[in-house]
Amino acid sequence: MWQVVGQTRVVSLLQHSLEKGALAHAYLLIGPAHVGKMTLALNLAQALNCEAIQPPCGECAPCQKITSGKHADVQIIGLTSNGNSAEAKPRAEISIDQVRQMQHSASLPPFEGRYKVFIVDGAEQLSREAANCLLKTLEEPIGKVIFILLATNERLLPPTVVSRCQRLELPPLAATEVEAALTSGWGIEPKKAELLARLSHGCLGWAISAAADDGLLQQHTQQLDRLLDIINADYEERFAYAAHLAAQFSQNRGWVQEILNLWLDWWRDLLLVKVGCNDTITNIDRSAMLIEMARGYNLTQIKVFINSIQAAGEQLRLNANPQLVLETLMLSIPGRRGKVEEITLHPI
Ligand SMILES: [Zn+2]
């Protein structure tokens, strides 16, 4: 049984290829973080090496070894792993040495299974040399060897690498699908499952992690509280916050983008409340606050600010000056009806 939740289109395609013996020698799984790419890749590795009549069974010795990362013919390379090496130090990129080791291993016949499977986790982190080196292998398929590249953004991969792989897209799941999986598969109580499902944006892996670690949800709450404080703050405080985010940006771009996404969620929720679609909001635990707050803005103000947040995210991706981008965003926060905006311009 395939363990990946949802993704029926991709699973049935792989199942069909397995039954026909028509597998590609390389796959590229594209989808947001925590959507299930690694689960699917490991499931495929199991299906290729399973001993049961209907693979993947998840229970035979090869399937279990693959689940626990102990199958000699299934290797994962990424920023924190290095095939069979004991080295686990995080890296800045996937190096050419890692790819060469993988190629050497691929040139040897399977050790204990039928197929050798190499999973490249975070393929967009391949260094240029590593990607070029991998390309040679992808151009000359080796029998009984399958490569599975996992990536969130294929635009960061060389087009030559993408074109050598069969591309499979894993879209985010519906919130109801995540919610059902959390309650039935992980025993999460319904109210929490509903909230986590909404916050996960269809990425079940995130919801499962957040269910197991309260810290993730707490962090989310704190960050959102801070953003809500900023809406009511004066310009001095908003600019101080912009400077704080900009200072973080050089070390942790992903974190700043996450904050922007959090804000985007909030303002989209305001928009949904404004047009009466309260059932589809993300921050379901704060619906009363959203309803109250939505009264203070008109539809145009909300739409314009959503555009501003999106534009800021795009400008940051294009390497604009982070402080300038974030300060401009702070200036674009719309004023609430009934609240006097205090703009103090200090003399130069
Ligand atoms: Zn099995």
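Each ligand, and each atom within it, is numbered from 1 in the order the structure gives. It should be emphasised that the depicted structure is a prediction, and the values quoted were computed from it without experimental measurement. The figures that follow rest on heavy atoms only: side chains count, while hydrogens, waters and symmetry mates do not.
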Student: Around the Zn ion (ligand 1), how many protein N, O or S atoms are found at less than 2.8 Å?
Tutor: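 Under the 2.8 Å cut-off, the count stands at 4.
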Student: State the CG-CD1 distance between L126 and I96, to the nearest 0.5 angstrom.
Tutor: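 So the CG of L126 and the CD1 of I96 are separated by 10.5 Å.
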Student: Any donor-acceptor pair under 3.5 Å linking the side-chain atoms of W2 with those of Q15?
Tutor: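 Judged by distance alone, the side chains do pair up.
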Student: Is there a ring-ring contact (aromatic ring centres under 6.0 Å, His included) between W266 and F305 once you walk through the steps?
Tutor: CA-CA 11 Å; W266 184 262; F305 191 56; over 10 Å; no
Student: Looking only at the aromatic ring of each residue, does the gap between the centers of W255 and F249 stay below 6.0 angstrom?
Tutor: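 No, the ring of F249 stays outside the 6.0 Å limit from the ring of W255, centre to centre.
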Student: Does Q54 have more than 12 heavy atoms from other residues, nucleotides or ligands lying within 6.0 Å of its CD?
Tutor: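 Counting other residues, nucleotides and ligands, CD of Q54 stays at 12 neighbours or fewer.
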Student: Taking atom CG of L135 and atom CZ of R164, what is their separation to the nearest 0.5 Å?
Tutor: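 CZ of R164 is found 5.5 Å from CG of L135.
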